[in-house]
Amino acid sequence: MASPSTSRTTPTCGIAATIDLIGEDLLQNIVARLPAFSFASAACVSRSWNLVCDRVLCRPKLSSACSFSSSLEVAVEDVLNKVLSEPIRPHFAIASVGPLFDLHQAHQLITAKLGSKVPVITNVPSGIIGRDAFSDEFKEIQWELTEEDDDPGVPLLLSESANRAFMLIVGFLPGLKVEAIPLLKEIEEPLVVMIDKFVMDIREYSTSISGCRSPAAIIMFSDFEAGMKSVMEKMDFAMSPDTVIVGDCGCQFLHSNGSSRDTSATEGHMSTAVALVFAVDKNKRHGTVETHFNAVLSSGLSPVGPTYKAASVREKHRDSMTWLTARREGLRENIDGETILNQVYDELGERIQFPTFYIGVTKRRKCSIGQDKVGWVTSLAFHEVLGDNQEYLFVGDVGIKTGDLFRFYHSDSNTALSTNTDVSNNLKCFKQGSTSRGDKKEVYGGLVFTCCGRGESFFGKPNIDSSPFLNNFPGATLAGTFCGGEIGRGDLSAYVKESQQQKSVRCCLHVYSAVYLLMSYTPSKGN
């Protein structure tokens, strides 16, 4: 019985021993040139080979590519070949597809290739930002839609050439664990969104991995029906100030959570948003390099006119809109919607030819999660101005109350260019190691979530939103999407610079903005 076993294993051991004679330095040089799947196989040869592979892949890594092939299968294959052409162990993946490709098919192709243990989110954004797998050219591509596409009752009329695209982002983050956690909504009326359960699921996962209730970072994707103003208000209240949250709050998506935890949609519920949660592993190996997350915002909104106070408010939940009248702050006279907008146009003058208006509403609300103690949250929420008549001002979404203060904002490419320059300067300081503690950090990758209203048609020239990152970190991976709404947790420095009191006001959902996520690490001595 022993003899046949010996005859089968001896050649393998002999080959491994012979290869080991080449020396660890040469072996490390060889495996460092392998594509991802071959690299994974090499790590399984023996313990010594595994240690060599660990040395090759000891730092965090982000890899991304996009393809514009007319065939989804070819596009996925092209991008996978590029992204996995070097050693990497995928800890998460984000795939983005053009609207002419099938979302379900794309998700199946990616999950089948990467395996069931990797959390994957596949989404249909408003456009993609990334590097071509073949030409290596960096592109910001927005889908070409016709005017009829604004009408939900009319089928989409899409350009064949500009709307077939596929992009993949894969990350390796030693010292962190990643999981996709869904936000569930009831399928039947009253369509309750289970925000408290969502926040507690994130806390539970983070606690199980790191011992801390707040994770290091969260990347979110949601559809338009998730009610993200309420979601982000509670998440901002519940999470540590150190938790970075970014993402897209207006896209179709699918997800797989990559673990055995039961986070999938249950009977009677559907996923209306999903969070890719990054938690520090409390059991990580000593000396493991750790990823740091930082978010920076470029706003494309400019304030105009005085501050108003909501006088009467009528919410239309079925239409997701609000009718309101207001008075100027400090005055008693109620003003109708038509008069209010005329005042704003008079204030704006001829500076902007076709402005898109929003009101930025300062809201002070009670907030709690589950059985937690009730607290107060003050936030700035943007509502798009939809129109007016001789009685009311009409704005999108609900959640405004009588007495709330608001101010008008308009889309402005000059403001966007100015804040884009500010972002570039901030990244330059970061690159030079000008952090609060003086630590030198190496940026290895970044993501950008930018408004679908920006891009070349907004700025008059291409690749403006990607330029701050590419100019400062030309060797690092950058990828991103055009969004239906930008998630970026932070303070109001991009909007308000006046009063000390307003520094406590938070803003997590943005419009006409670009939100940048920097991924960096602090090199250990000897690296």
Side-chain angles (χ1 to χ4, degrees), residues 28-29 31-33 36 39 52-65 82-94 129-131 136 138 169-178 210 215-219 242-246 276 278-281 284-298 422-449 465-480 488 490 514-527:
Q28 182 170 328
N29 190 288
V31 298
R33 300 169 187 267
F39 179 82
V52 169
C53 289
D54 283 346
R55 286 202 295 272
V56 170
L57 207 57
C58 63
R59 302 176 185 180
K61 190 173 185 178
L62 192 71
S63 184
S64 178
K82 180 67 174 180
V83 168
L84 303 179
S85 63
E86 297 179 350
I88 192 169
R89 294 168 180 158
H91 286 168
F92 74 93
I94 300 172
I129 300 172
R131 201 169 291 280
D136 208 38
F138 198 90
I169 304 166
V170 171
F172 167 69
L173 308 175
L176 295 177
K177 289 192 175 181
V178 190
S210 66
I218 298 172
I219 301 175
D242 296 329
T243 299
V244 174
I245 308 177
V246 300
L276 202 58
F278 299 80
V280 177
D281 187 0
K284 65 182 179 180
R285 187 183 307 173
H286 178 72
T288 300
V289 173
E290 185 177 317
T291 285
H292 306 280
F293 300 91
N294 297 86
V296 190
L297 173 73
S298 165
D422 292 340
V423 168
S424 186
N425 291 334
N426 287 338
L427 299 190
K428 183 178 180 180
C429 291
F430 194 95
K431 180 181 179 180
Q432 294 170 344
S434 302
T435 61
S436 58
R437 294 182 300 174
D439 296 330
K440 178 72 173 179
K441 292 185 173 69
E442 295 288 342
V443 173
Y444 65 88
L447 303 179
V448 56
F449 299 90
D465 280 327
S466 55
S467 61
F469 188 94
L470 295 178
N471 291 341
N472 282 288
F473 311 107
T477 297
L478 176 67
V515 176
Y516 301 83
L517 176 67
L518 261 66
M519 306 171 77
S520 64
Y521 68 94
T522 303
S524 58
K525 293 181 179 179
N527 274 358

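From a predicted model like this one, the values you see are computed outputs, not experimental measurements.
- In this structure a side-chain-to-backbone donor-acceptor pair under 3.5 Å is present from N472 to S424.
- Atom CG of L518 and atom CG of N294 lie 6.0 Å apart (nearest 0.5 Å).
- In this structure the side chain of H292 reaches within 4.5 angstrom of the side chain of T522, judged on heavy atoms.
- Side-chain N or O atoms of R131 include none that pairs as donor or acceptor with a backbone N or O of A65 at under 3.5 Å.
- Looking only at distances, a side-chain donor or acceptor of T477 sits under 3.5 Å from a matching main-chain atom of L62.
- A salt bridge does not link R59 with E442: none of the charged nitrogens is closer than 4.0 Å to a carboxylate oxygen.
- Within the 4.5 Å cutoff, side-chain heavy atoms of L57 are placed close to those of R89.
- Judged as a ring-ring contact (aromatic ring centres under 6.0 Å, His included), and not counting sequence neighbours, the contacts of F473 are F469.
- With V448 as reference, L478 is the one residue of L478, V515, V423 to meet the side chain to side chain contact (heavy atoms under 4.5 Å, CB included) rule.
- Under the 4.5 Å side-chain criterion, counting only non-hydrogen atoms from C-beta, T243 is in contact with I245.
- Atoms CZ and SG, from R285 and C58 in turn, are 10.5 Å apart once rounded to the nearest 0.5 Å.
- In this structure, T291 and P60 approach most closely via the heavy-atom pair OG1-CB, 3.3 Å.
- When every heavy atom of A36 is checked against every heavy atom of I88, the shortest pair comes out as CB-O, 3.7 Å.
- At least one side-chain heavy atom of I219 sits less than 4.5 Å from a side-chain heavy atom of L447.
- Using a cut-off of 4.0 Å between Lys/Arg side-chain N and Asp/Glu carboxylate O, E86 and K61 are scored as salt-bridged.
- For the pairing with F293, the ring pair (Phe, Tyr, Trp, His ring centres under 6.0 Å) check across Y444, Y516, Y521, F278 returns one residue only, F278.
- Here the side chain of S63 pairs a donor or acceptor atom with the backbone of V83 at under 3.5 angstrom.
- In this structure, the side chains of I218 and L276 stay at 4.5 Å or more apart for every pair of heavy atoms.
- Aromatic ring pairs are classed by plane angle as parallel below 30°, tilted from 30° to 60° and perpendicular above 60°; the pair H91 and F172 is tilted.
- Counting heavy-atom neighbours within 6.0 Å of R33 CZ, excluding the residue itself, gives a total of 12 or less.
- Here S298 contributes atom OG and D422 contributes atom CG; the two are 8.0 Å apart, rounded to the nearest 0.5 Å.
- No side-chain donor-acceptor contact under 3.5 Å links S520 to the backbone of K441.
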